[in-house]
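Notes for the one structure printed next.
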Amino acid sequence: EVQLVESGGGLVPAGGSLRLSCAASGFTSDNSVIGWFRQAPGKEREGVSCIRRRDGSVYYADSVKGRFTISSDNAKNTVYLQMNNLKPEDTAVYYCAALVGQWYMPAPPRDGDYDYWGQGTQVTVSS
């Protein structure tokens, strides 16, 4: 059974940092793409970043480029999203999602392409 479990969300002041984790199970890391998405109240879900775990290729949305870093620890089957210099507009529920069994990484990430989703973790940035 495929499972994705996010953790690391919380409340931080503007300018602060958080590191989100996405612990995966039920599939191997070498043939998967993990995407991070976020959804703020009243807004559509947005693809923030993604990583192809076989070669480490990454993508970032313009809104987070230079502030967020995605990485993968394939031995632990865990993907991280380091978020620095957080802004109030980063406030959202953050989800990780897995695209399993293919090497092609759609960029920007599109939620319809992903097979499995975590439950989400809340990130709140106060001004």
Side-chain angles (χ1 to χ4, degrees):
E1 179 187 5
V2 173
Q3 282 193 323
L4 300 171
V5 179
E6 301 100 333
S7 61
L11 171 64
V12 294
S17 298
L18 284 173
R19 188 177 79 156
L20 304 184
S21 299
C22 174
S25 60
F27 63 95
T28 58
S29 61
D30 61 349
N31 199 22
S32 63
V33 173
I34 299 293
W36 282 100
F37 295 79
R38 66 186 181 186
Q39 189 165 24
K43 295 188 177 181
E44 292 188 355
R45 189 155 54 189
E46 173 191 14
V48 171
S49 181
C50 55
I51 184 167
R52 182 166 59 205
R53 303 170 81 196
R54 176 179 292 181
D55 63 0
S57 296
V58 300
Y59 165 86
Y60 298 100
D62 287 344
S63 57
V64 305
K65 199 172 292 182
R67 300 188 297 122
F68 290 12
T69 303
I70 191 171
S71 62
S72 180
D73 185 333
N74 289 351
K76 294 182 179 180
N77 211 2
T78 300
V79 172
Y80 304 97
L81 186 68
Q82 177 67 44
M83 307 186 296
N84 297 329
N85 191 21
L86 283 160
K87 303 176 180 180
E89 51 263 43
D90 294 318
T91 295
V93 178
Y94 283 71
Y95 300 89
C96 67
L99 182 53
V100 179
Q102 70 173 53
W103 63 269
Y104 176 67
M105 181 175 72
R110 303 172 303 209
D111 53 9
D113 289 326
Y114 285 75
D115 305 307
Y116 304 98
W117 291 81
Q119 81 288 352
T121 186
Q122 176 70 46
V123 171
T124 303
V125 184
S126 61
S127 57

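The OG atom of S21 lies 9.5 Å from the CG atom of L81; values are rounded to the nearest 0.5 Å. From S32, atom OG reaches atom CG of L99 across 8.5 Å, with rounding to the nearest 0.5 Å. Taking CD of Q82 as the start and CG of L20 as the end, the distance is 9.0 Å to the nearest 0.5 Å. Taking CG from N77 and OG1 from T28, the interatomic distance works out to 7.5 Å, rounded to the nearest 0.5 Å. In this structure, CG in L86 is found 6.5 Å from CZ in R67, a value given to the nearest 0.5 Å. The CD1 atom of I34 sits 12.0 Å away from atom OG of S71, with the distance rounded to the nearest 0.5 Å.
A salt bridge is absent between K87 and D90: the closest approach of a Lys/Arg side-chain nitrogen to an acidic carboxylate oxygen does not fall below 4.0 angstrom.
The shortest side-chain heavy-atom distance between V48 and M83 does not fall under the 4.5 Å cut-off. At least one side-chain heavy atom of Q119 sits less than 4.5 Å from a side-chain heavy atom of E6.
Residues C50 and G35 approach most closely at CB-CA, 3.9 Å, considering heavy atoms. For I51 against M105, the heavy-atom pair with the smallest separation is C-SD, 3.7 Å. R54 and N31 make their closest contact through NH2-OD1, 3.3 Å (heavy atoms, listed as atom of the first residue, atom of the second, distance). In terms of heavy-atom proximity, P88 sits nearest to A14 at CD-CB, 4.1 Å. Between C22 and L4, the shortest heavy-atom contact is SG-CD2, 3.9 Å. The two atoms that bring V79 and R53 nearest to each other are CG2-NE, 3.6 Å, heavy atoms only.
In terms of the salt bridge (Lys or Arg N to Asp or Glu O under 4.0 Å) criterion, residue partners of D113 (sequence neighbours excluded) are, by chain and number, R110. With sequence neighbours left out, Q39 forms a side-chain hydrogen bond (donor to acceptor under 3.5 Å, both in side chains) with no residue at all. Under the side-chain hydrogen bond (donor to acceptor under 3.5 Å, both in side chains) criterion, S49 pairs with no residue, sequence neighbours left out. Taking T124 as the reference, Q122 meet the side-chain hydrogen bond (donor to acceptor under 3.5 Å, both in side chains) condition, with sequence neighbours excluded.
Listed by first and then second residue, the ring pair (Phe, Tyr, Trp, His ring centres under 6.0 Å) pairs involving residues 3-61 are F37-Y114, F37-W117 (not counting sequence neighbours).
Side-chain heavy atoms closer than 4.5 Å link hydrophobic residues (I, L, V, M, F, W, Y) into clusters, and following such links, possibly through other members, connects I70 to L18. Under a hydrophobic-cluster definition in which Ile, Leu, Val, Met, Phe, Trp and Tyr are linked whenever side-chain heavy atoms come within less than 4.5 Å, directly or via other members, Y80 and V123 are assigned to different clusters. V12 and Y94 fall within the same hydrophobic cluster, defined by Ile, Leu, Val, Met, Phe, Trp and Tyr side-chain heavy atoms under 4.5 Å apart, directly or through other members. Note on V33: it does not cluster hydrophobically with Y116, by side-chain heavy-atom contacts below 4.5 Å among ILVMFWY residues.
Under a 4.5 Å side-chain heavy-atom cut-off, the cluster of Ile, Leu, Val, Met, Phe, Trp and Tyr residues that includes W103 is completed by Y104.
Looking at E46 and S63, their side chains do bring a donor and an acceptor atom within 3.5 Å of each other.
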